[in-house]
J.: 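Structure below; questions to follow.
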Amino acid sequence: MSKKALYLLGIAILIILGTFFYPELCCHCMKPLTIDSVEKPIVVTSEPVMVLK
């Protein structure tokens, strides 16, 4: 095989792999969102919080 054919074959393989892996790894629009049914308590402290800069 010539270099040009190997380059084109590599590009085609990358496009096919990218098409397969993009919905699996990057696109979160196809997966349903999970909503926690457990309510989280609100914690109130009486001491002021000191932030150092």
J.: Going by side chain to side chain contact (heavy atoms under 4.5 Å, CB included), name the residues that satisfy it together with Ser2, two or more places apart in sequence or in a different chain.
T.: Lys4, Ala5
J.: Enter the distance from Leu8:CG to Lys3:NZ here, rounded to the nearest 0.5 Å.
T.: 13.5 Å
J.: Identify, with sequence neighbours excluded, every residue that meets side chain to side chain contact (heavy atoms under 4.5 Å, CB included) alongside Ile13.
T.: Leu9, Leu17
J.: Taking side chain to side chain contact (heavy atoms under 4.5 Å, CB included) as the definition, give me every residue that meets it alongside Ile15, ordered by chain and number, with sequence neighbours left out.
T.: Ile11, Thr19
